[in-house]
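Labels below follow one simple rule: chain letters A, B, ... track the order of the sequence lines, proteins then strands, and each chain is numbered from 1.
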2 protein chains.
Amino acid sequence: MPKYQKQFRILVAVDCIIFGFDGAELKILLVKRDLEPEKGKWSLMGGFITERENFDRGGARILKQLTGLEGVYMEQLHAFGHPDRDPSERTISVAYFALIDIHKFENQINSNYHAEWFPVKKIPKLIFDHSNMVAKARERLRYKSAFHPILFELLPEKFTLPQLQSLYEGIFDTEFDKRNFSRKIHSTKLLVKQKDKDKESSKKGAYYYKLDKRRYAANLHAFLNIIPNPVIFNRL
Amino acid sequence: MPKYQKQFRILVAVDCIIFGFDGAELKILLVKRDLEPEKGKWSLMGGFITERENFDRGGARILKQLTGLEGVYMEQLHAFGHPDRDPSERTISVAYFALIDIHKFENQINSNYHAEWFPVKKIPKLIFDHSNMVAKARERLRYKSAFHPILFELLPEKFTLPQLQSLYEGIFDTEFDKRNFSRKIHSTKLLVKQKDKDKESSKKGAYYYKLDKRRYAANLHAFLNIIPNPVIFNRL
DNA sequence: TAAATAAATGTAATTACAACACTTATTATA
DNA sequence: TATAATAAGTGTTGTAATTACATTTATTTA
């Protein structure tokens, strides 16, 4: 088999923008970089692609290294290739974003990495072009979640409508009418009402819901219409 | 500056899915590959990234090499990285899709490449994973054009409503009611009616329109709603 | 001058959406 | 034990958007 002799070869990395939701705020999981250059600075979790690995697998491996989680919602975001993005040697990076249930992570955290959750509105200075990656991931999350039911991935198995609404409101940085919101959510028929209530955050308590997994799996690519029109228009 | 000594480096290519519309069908521009392996087979236009080039520039360079065109609508599609996608040596490819006015290309074609337009519904067998790339690009084009006014990029400066409609109909593989279509298009206020008509395709002749370039530039990211609801639901 | 062809155009019924306020369940406290 | 405080839950109405649908018009050719 012939070889491409004269071309030059480049380091290829995968970086992960890991989103979580703690009930109040959308957050991103960052690590303190453990190799030079920029050692000790805040960074996305990432790593070089290995010889027999495609991007999806690389992303999944890197996510698992840090969080211990598998089978997580992940999606390729964008390939970043500015020639000077890594000052020590040209490296391209294929960025992925992941949506995880923040509570699952807490049990499985890999303490080899110094990892910390940061609210998306208070992200520290990041190495290289990682801030661009985060900005692009937030944009994509808004765009995608405006049309597709993916935000459930950020919630625990049982969640309440007020929790769900506050997640949407956080991502779109606005407030929705709860009657309209509830009607729209129910019209998707994706939720199954439970018998028990969450009494943590109110005296009356809010009913828990679970995803109807069958319908959910069949509707991941379906179109929702949760976001009121003027909002969609201004924010996407 | 420290180096990442132990990692392995990979060839990085950019491939372009170049869409054109001849008035009747959506087409893709393919070339006969001029190097081994797979020399002489049909392929997307592509090339290796050079040392001081980012992906956007690489894509633009490759598009210009073949078509002579600059300032064309281009968008990063996806990074493809299966370890065996190129049998001779591991190569990753960042795919871009471009929308060009097929008539502009005809004047500027670079005859160093044996290039040919193929209807998207009759694409020949392609090298490597290029068929996947084409499939993904078609999907993205449907998705994006369902919400954003990008299909104008495929049309000449002056075009008629029937032409525009047939473009939409081709991409969504369905037929629209022309009264509703016309109303929706006009409601965007993106078109300026010309005084002359296209008499080629009918006796009565259809009025030409041009884009209102100002409004168009301001609305590239705006949301349209051209595609009737049941269609969107079934096709995206 | 009649026939053929495709363009252009308007209306009415239906549906989707947004705006809006009160009642209910529960707990804590007076 | 009655009352106040808190957040959850729920329905209706007006408006805007969307769809379905048929006839007239301009032009060319036979």
Q.
Looking at N225(A), I'd like to know whether one of its side-chain N or O atoms comes within less than 4.0 Å of OP1 or OP2 on dA16(C).
A. no
Q. In whole angstroms, how far is the P atom of dT28(D) from the NZ atom of K197(B)?
A. 10 Å
Q | Distance in angstrom units between K193(A) NZ and dA8(D) P, rounded | A | 13 Å
**Q.** Nearest-nucleotide 5' precedence on DNA chain D, P162(A) against K203(A)
**A.** K203(A)
**Q.** Nucleotide dC20(C), atom C1' - distance to CG of N180(A) in whole Å
**A.** 9 Å
Q. Does the pair D198(A)/K158(A) count as a salt bridge with the N-to-O cut at 4.0 Å?
A. no
Q: Identify whether the distance between the nearest side-chain nitrogen and carboxylate oxygen of R140(B) and E75(B) falls below 4.0 Å.
A: yes
Q. In Å and rounded to the nearest 0.5 Å, what is the OG to NE2 distance from S93(B) to H130(B)?
A. 6.0 Å
Q. Whole-Å distance between dG11(D) C1' and K184(A) NZ?
A. 17 Å
Q. Between D212(B) and R214(B), is there a salt bridge with N-O shorter than 4.0 Å?
A. no
Q. Whole-Å distance between dT18(D) C1' and H186(B) NE2?
A. 18 Å
Q.
Nearest heavy atom decides the nucleotide; on that basis, is R183(B) or K204(A) closer to the 5' end of DNA chain C?
A. R183(B)
(Q) What contact category does K199(B) fall into here, base, sugar-phosphate, or nothing, at under 4.0 angstrom with non-hydrogen atoms? (A) sugar-phosphate
Q. Would Y209(A) and F159(A) count as a close aromatic pair, with their ring centres under 6.0 Å?
A. no
Q: Identify, between G205(A) and S201(B), the residue whose nearest nucleotide on DNA chain C lies closer to the 5' end.
A: S201(B)
Q: Determine the contact category for T160(B): base if any of its heavy atoms lies under 4.0 Å from a base atom, sugar-phosphate if only primed atoms, P, OP1 or OP2 are that close, otherwise nothing.
A: nothing
**Q.** Nucleotide dT28(D), atom C1' - distance to CD of E200(B) in whole Å
**A.** 14 Å
Q: Could you check how far CD of E175(A) sits from P of dA7(D), rounded to whole Å?
A: 13 Å
Q) Closest to the P228(B) side chain: dA21(C), dT19(D), dA4(C)? A) dT19(D)
Q | Nucleotide dT18(D), atom P - distance to CG of L224(B) in whole Å | A | 11 Å
(Q) Among dT6(D), dA8(D), dG11(D), which nucleotide has an atom closest to any side-chain atom of R179(A)? (A) dG11(D)
